[in-house]
Asks: 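One structure follows; several queries about it will come next.
No hydrogens, no waters, no symmetry mates; every other heavy atom, side chains included, goes into these values. Each chain gets a letter, A, B and so on, in the order the sequences are listed, and its residues count up from 1.
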Protein chains: 2
Amino acid sequence: MADSLAEQDHANCAPPESRAVAARFAALSHPARIEILKHLSASRSCCCREVVDHLDLAQSTVSQHLKILVEAGLVRFQPDRQRSRYEVDRAALADVSASLTALVNSCCSGR
Amino acid sequence: MADSLAEQDHANCAPPESRAVAARFAALSHPARIEILKHLSASRSCCCREVVDHLDLAQSTVSQHLKILVEAGLVRFQPDRQRSRYEVDRAALADVSASLTALVNSCCSGR
DNA sequence: TCCGTTCATCGTCTATCGCCGATGAACGAT
DNA sequence: ATCGTTCATCGGCGATAGACGATGAACGGA
């Protein structure tokens, strides 16, 4: 099934820190998920259906993408009767951005 | 073969801009490639063999990861006799970082 | 000239992604 | 009580990422 993605072993080919960073980027590595993040942050409502309408993908597919984003910690999820509510975790997203910035900086300082 | 990755169609589920961003993140979505970037930026030499020693992966595997990074535009490649030289494209990396920052900002401004 | 090193590519295998339709649970409204 | 909506999950399918070993080209040194 198209689950996990957050917890890939990748053997022991890299320190856990790099693995964590990579897992975060993996969540961002699909255009549909980028689009979902943009839509989520632009609107207030954030139920699954709305994303489905916006995205031209099957409901089940969107649900899976949302799940991946939630498991990556980039989106918060709150089951609310019929309309589950999804919300961007701005802090987490900023955190990913920070780690990428750190990587860029390490490239510049290490020259 | 484990090639492309940069040019996935993903149907028409998202605007080309999101696709471009996602493709960049896809290159960063593997711990080995993160590790390669770090190593590349920390050292001067940057031949394939060195990365292989550092990484505990088969030479062919490392070569593929390098190719992916090159195709994503994050690493510059210059065939130099025996020792091909690989070098981080700091500008490109900074560019990716900027687009992520932009995404984070759009989340905050759109609230 | 011959050998060792480096490296890109190929062929193969397995695991997983990403997509979908179908299904069933939960809920609101009639 | 019954229908329609929303949504998460399952099962299956096709594509491909990611790993490896083998191979051959290119080069340097003995």
Side-chain angles (χ1 to χ4, degrees), chain A residues 1-14 18-19 22-23 25-36 40 45-72 75 77-86, chain B residues 1-14 18-19 22-23 25-36 40 45-72 75 77-86:
Chain A
M1 294 79 193
D3 262 22
S4 61
L5 187 151
E7 273 314 319
Q8 283 179 283
D9 259 27
H10 281 309
N12 37 12
C13 61
S18 291
R19 272 191 269 166
F25 288 136
L28 295 171
S29 71
H30 195 287
R33 292 197 284 270
I34 298 281
E35 210 56 24
I36 289 178
L40 246 49
S45 39
C46 316
C47 75
C48 177
R49 181 75 213 297
E50 199 190 16
V51 182
V52 171
D53 292 342
H54 179 66
L55 221 49
D56 188 45
L57 282 174
Q59 179 266 325
S60 56
T61 306
V62 171
S63 193
Q64 299 222 58
H65 280 306
L66 284 168
K67 186 179 183 179
I68 288 171
L69 287 170
V70 169
E71 281 174 347
V75 166
F77 165 66
Q78 191 187 357
D80 184 16
R81 316 293 171 180
Q82 269 134 324
R83 327 228 148 178
S84 303
R85 290 192 41 214
Y86 291 93
Chain B
M1 298 75 191
D3 263 20
S4 59
L5 186 149
E7 273 314 319
Q8 284 179 284
D9 260 27
H10 282 307
N12 37 14
C13 62
S18 290
R19 271 190 271 166
F25 286 134
L28 295 171
S29 71
H30 196 286
R33 292 196 285 270
I34 298 280
E35 209 56 26
I36 289 177
L40 246 50
S45 38
C46 315
C47 76
C48 177
R49 180 77 213 295
E50 200 191 15
V51 181
V52 171
D53 293 341
H54 179 66
L55 220 49
D56 187 47
L57 282 175
Q59 179 266 325
S60 56
T61 305
V62 171
S63 194
Q64 298 221 59
H65 280 306
L66 283 168
K67 186 179 183 180
I68 288 172
L69 287 170
V70 169
E71 281 175 347
V75 165
F77 164 66
Q78 191 186 358
D80 185 16
R81 318 291 171 182
Q82 270 133 323
R83 327 229 148 178
S84 302
R85 291 194 37 217
Y86 290 92

Asks: Going by the rule side chain to side chain contact (heavy atoms under 4.5 Å, CB included), which residues pair with A:S63 if we only count those two or more places apart in sequence or in a different chain?
Replies: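 Partners of A:S63 by the side chain to side chain contact (heavy atoms under 4.5 Å, CB included) criterion, ordered by chain and then number, come out as A:Q59.
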
Asks: Determine: side-chain N/O of B:H65 to OP1/OP2 of D:dA19, distance under 4.0 Å, yes or no.
Replies: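 Result: yes.
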
Asks: Output all residues satisfying side-chain hydrogen bond (donor to acceptor under 3.5 Å, both in side chains) with B:D53, sequence neighbours left out; order by chain, then residue number.
Replies: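 B:R49.
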
Asks: May I ask you to say what B:S63 touches in the nucleic acid, namely base, sugar-phosphate or nothing, with a heavy-atom cut-off under 4.0 Å?
Replies: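 Here B:S63 touches the bases of the nucleic acid.
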
Asks: To the nearest Å, how far apart are B:K67 NZ and C:dC7 C1'?
Replies: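 So the NZ-C1' distance, B:K67 to C:dC7, works out to 13 Å.
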
Asks: May I ask you to verify if any side-chain N or O of A:Y86 is less than 4.0 angstrom from the OP1 or OP2 atom of D:dA8?
Replies: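 Answer yes for this pair, as a side-chain N or O of A:Y86 is under 4.0 Å from OP1 or OP2.
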
Asks: Please find the pair of heavy atoms, one from A:S29 and one from B:S29, that lie closest to each other, and give the distance.
Replies: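 Closest heavy-atom pair between A:S29 and B:S29: CB-CB, 4.4 Å.
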
Asks: Whole angstroms only, please: what is the CG-C1' distance between B:D80 and D:dG28?
Replies: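 In whole Å, D:dG28 C1' lies 13 Å from B:D80 CG.
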
Asks: OP1, OP2 of C:dC19 versus side-chain N and O of A:H30: anything below 4.0 Å?
Replies: yes

Asks: Within this structure, what is the CZ-to-P distance between A:R83 and D:dG4, rounded to whole angstrom?
Replies: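 After rounding, the gap between these two atoms is 17 Å.
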
Asks: For A:S18, which residues count as a side-chain hydrogen bond (donor to acceptor under 3.5 Å, both in side chains) partner, sequence neighbours excluded?
Replies: B:E35, B:K38

Asks: State whether A:T61 places a side-chain N or O below 4.0 Å from either non-bridging phosphate oxygen (OP1 or OP2) of C:dC20.
Replies: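 So the side-chain polar atoms of A:T61 do come within 4.0 Å of the phosphate oxygens OP1 or OP2 of C:dC20, strictly under.
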
Asks: Applying side-chain hydrogen bond (donor to acceptor under 3.5 Å, both in side chains), can you list everything that pairs with B:E50, at least two apart in sequence or on another chain?
Replies: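 B:E50 satisfies side-chain hydrogen bond (donor to acceptor under 3.5 Å, both in side chains) with B:S45 once adjacent residues are dropped.
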
Asks: Taking protein heavy atoms under 4.0 Å as touching, what does nucleotides 22-30 of chain C look like 5' to 3' if B marks base contact, S marks sugar-phosphate-only contact and - marks none?
Replies: B----BS--

Asks: Rounded off to whole Å, could you give me the CG-to-P distance for the A:L69 and C:dG18 pair?
Replies: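 That distance rounds to 11 Å.
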
Asks: Once salt bridge (Lys or Arg N to Asp or Glu O under 4.0 Å) is applied, do any residues pair with B:R85, and if so which ones, sequence neighbours excluded?
Replies: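 Testing B:R85 for salt bridge (Lys or Arg N to Asp or Glu O under 4.0 Å), a comparison that skips the adjacent residues, returns none.
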
